[in-house]
Amino acid sequence: MTQTPAQILAQQPPAAIADRLLEWFDQHGRHDLPWQHPRTAYRVWVAEIMLQQTQVTTVIDYFNAFMARFPDVATLAAADNDTVMAYWAGLGYYARARNLHAAACTVVHEHEGAFPRSVDGLMALPGIGRSTAGAIVAQAFGIWAPILDGNAKRVIARLAGVTATPGTSAYENSLWPLAERYTPATRVTDYTQAIMDLGATLCTRRRPRCGGCPLADGCLAREAGIQDAIPAPRKKKTRPERTTTMLVVEDGAGRLLLEKRPPSGIWGGLWSLPELSADHDLASFCRERLGLEMQSQTRLAPISHGFTHFVLHIHAYRVQGRGMTRIMDANLAWFAPDARPGVPAVIARLLDTPQSDLNL
DNA sequence: AAGTCGGGGGA
DNA sequence: TCCCCAGACTT
């Protein structure tokens, strides 16, 4: 029989949970993450956006480079979008970068450069949902707010024995009230970091190390021996496959022709190789879209790239031709090798693998 | 409520 | 190879 949050909390007094977690955090938590020193609202915000669906170890280098180039919100707001996107290239989920830039402009021009200090105020900015808003409020301002990121979800679901399937409304709706009740009135900054650290280091997705966990005593999942079954695995889905064609076009000076992708969709707003649908004719595309009379084509080794919801097979051709000086619109441009903007990581690998040509 | 957005890392 | 990760947004 499913227990209500009130019944669960009756067995697990929130204050006892928070105290044990904070005691563990003081000794074993992560205290040297870049965004913790100094812990400004701007730095916490940028870090939280980068950390959405992205692991800490991946984010750190991007965060440091980003801060060196955009040290404050005014600098970020004043930058052009291409520069911001270039610093995001390789991190994925490029809508995050677009939203980040838009939010910076809003903060500068509508909030006099100061971040909102409430969950609702932050959620009004693009790219900030309830969990990220809670994390910023708690970490940047020390104001009470619950979070419910992937780590907190896993810790709380095990602690309270929530067996609902992740991704469902029932799962989210059962966890938020618990997240609120466990969050203490004091040391909210440390508590927020602590529950994420516990999830990242001990209460991991697979093989949780319950032996060293400060919350093992009273953890309903552990007591029932079902900590490995929470959270329930997501149902696996067969990803459909798509095929596309991309062109590597270089001029006599070694410059590369790139196309800025539409704001929405895959790699939105990022510069990438010119792309044509699989059934489109190569020569006519070159002539009509690129202003290029194709003289030769070399097929490169095909690449398969897995996205969240489909697999993309990329057929790339190295194309040579004449009349390449005429650029058809602002979304096409030539780039010298040392001035190449950020491109998707899979495209960067393709371009940096010169031995990929196939002889036809 | 379900689908749409990448890329890296671990097992 | 498969699955997950400091989720938010759209429909």
Side-chain angles (χ1 to χ4, degrees), chain A residues 29-30 33-36 43-63 85 88-100 102-103 122-136 138-140 146-155 164-173 175-176 179 192-201 203-207 228 231-240 242 261-270 272 303-312 342-349:
Chain A
R30 295 178 290 190
L33 297 169
W35 41 92
Q36 296 173 328
R43 292 165 61 87
V44 168
W45 166 59
V46 172
E48 289 301 326
I49 301 302
M50 286 187 172
L51 287 161
Q52 289 170 358
Q53 298 298 97
T54 309
Q55 295 180 351
V56 168
T57 53
T58 301
V59 163
I60 288 177
D61 286 345
Y62 282 89
F63 179 84
M85 298 306 294
W88 207 272
L91 256 186
Y93 279 126
Y94 298 96
R96 295 184 296 173
R98 189 171 62 253
N99 289 333
L100 188 83
L122 286 165
M123 285 180 70
L125 296 173
I128 301 180
R130 186 178 177 187
S131 184
T132 297
I136 296 171
Q139 298 217 338
I147 65 161
L148 199 57
D149 72 305
N151 289 309
K153 284 180 183 174
R154 190 170 53 253
V155 170
T165 304
T168 64
S169 303
Y171 188 67
E172 305 275 329
N173 293 339
L175 291 180
W176 271 112
T192 300
Q193 186 64 50
I195 195 167
M196 291 190 287
D197 288 355
L198 187 76
T201 62
C203 195
T204 49
R205 178 68 180 83
R206 266 177 284 204
R207 302 184 51 146
D228 290 321
R234 309 187 175 195
K235 58 179 179 182
K236 55 182 174 183
K237 52 210 167 190
T238 24
R239 293 180 295 179
R242 303 182 193 171
R261 298 183 63 87
S264 62
I266 294 284
W267 303 324
L270 222 59
S272 185
I303 290 178
S304 293
H305 183 67
F307 288 92
T308 306
H309 51 293
F310 65 91
V311 177
L312 185 64
V343 298
V346 63
I347 302 301
R349 283 196 294 273

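Chain letters run A, B, ... following the sequence lines, proteins first and then strands; every chain starts at 1. Not measured: the values here are computed from a predicted model.
Rounded to whole Å, atom C1' of C:dA8 lies 13 Å from atom CG of A:Leu125. Residue A:Trp45 contributes atom CH2, which lies 18 Å from atom P of C:dG7 at whole-angstrom precision. Atom CD1 in A:Ile60 sits roughly 14 Å away from atom C1' in C:dC5 (whole-Å rounding). Here B:dT4 presents its P atom at 17 Å from CZ of A:Arg98, a figure rounded to the nearest Å. In this structure, A:Leu100 places its CG atom 16 Å from C1' of C:dC9, rounding to the nearest Å. Note: CZ (A:Phe310) to C1' (B:dA2) measures 17 Å, nearest angstrom. Per the geometry, CG belonging to A:Asn151 stands 12 Å off C1' belonging to C:dG7, to the nearest Å. We find that CZ of A:Arg207 is positioned 19 Å from P of C:dC3, with the value rounded to whole Å.
Residues A:Val56 and A:Pro126 both approach DNA chain C. Their nearest nucleotides, taken by heavy-atom distance, put A:Val56 toward the 5′ side. Comparing A:Trp35 and A:Asn99 against DNA chain C, the residue whose closest nucleotide sits nearer the 5' end is A:Trp35.
Minimum interatomic distance between A:Leu100 and A:Trp88 (heavy atoms only, all atoms of both residues): CD2-CZ3, 3.8 Å. Taking both residues in full, the closest heavy atoms of A:Pro231 and A:Arg154 are given as CD-CG, 3.7 Å, listed atom of the first, atom of the second, then distance.
Going from the P atom of C:dT11 to that of B:dG6 covers 16 Å, rounded to whole Å.
In this structure, A:Gln139 reaches neither bases nor backbone, as no heavy-atom distance under 4.0 Å exists between it and the strands shown. At a threshold of 4.0 angstrom between heavy atoms, the contacts of A:Trp88 with the nucleic acid are absent. Counting any heavy atom pair closer than 4.0 Å across all strands shown, A:Leu148 reaches no nucleic acid atom. A:Arg239 comes within 4.0 angstrom of nothing in the nucleic acid, heavy atoms only.
Atom CG of A:Leu91 is separated from atom CE of A:Met50 by 5.5 Å, given to the nearest 0.5 angstrom.
Here the side chains of A:Ile266 and A:Phe307 are in contact, with some heavy-atom distance below 4.5 Å. Looking only at side-chain heavy atoms (C-beta outward), A:Leu312 and A:Ser304 stay at 4.5 Å or farther from each other. Using a 4.5 Å cut-off on side-chain heavy atoms (C-beta onward), A:Val46 and A:Trp35 make no contact. Contact annotation: the side chain of A:Gln193 approaches that of A:Gln139 to within less than 4.5 Å [non-hydrogen atoms, C-beta and beyond].
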| said: Can you give me the dot-bracket string for DNA chain B, 5' to 3', counting Watson-Crick and G-U wobble pairs with both distances under 3.5 Å, using [ ] for crossing pairs and | for partners on another strand? | reply: |||||.|||||
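Side-chain contact, A:Thr54 with A:Arg96: a donor N or O sits under 3.5 Å from an acceptor N or O.
Cation-pi contact between A:Arg242 and A:Phe310: present, with separation from the ring centre below 6.0 Å and deviation from the ring axis of at most 45°.
Evaluation of the salt bridge (charged side-chain N to carboxylate O under 4.0 Å, His left out) rule for A:Arg261 yields A:Glu275 as partners, not counting sequence neighbours.
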Report, one pair per line, the protein and nucleotides 6-10 of chain B atoms (nitrogen or oxygen only) whose separation is under 3.5 Å.
| from | atom 1 | to | atom 2 | distance (Å) |
| --- | --- | --- | --- | --- |
| B:dG6 | OP1 | A:Trp267 | N | 3.4 |
| B:dG6 | OP2 | A:Trp267 | N | 2.8 |
| B:dG6 | O4' | A:Tyr93 | N | 3.3 |
| B:dG6 | N7 | A:Thr308 | OG1 | 2.4 |
| B:dG6 | O6 | A:Tyr93 | OH | 2.7 |
| B:dG6 | N2 | A:Gln53 | O | 2.8 |
| B:dG6 | N2 | A:Thr54 | OG1 | 3.4 |
| B:dG7 | OP1 | A:Tyr94 | OH | 3.2 |
| B:dG7 | OP1 | A:Trp267 | NE1 | 3.3 |
| B:dG7 | OP1 | A:Ala345 | N | 3.4 |
| B:dG7 | OP2 | A:Trp267 | NE1 | 3.2 |
| B:dG7 | OP2 | A:His305 | NE2 | 2.9 |
| B:dG8 | OP2 | A:Arg349 | NH1 | 3.1 |

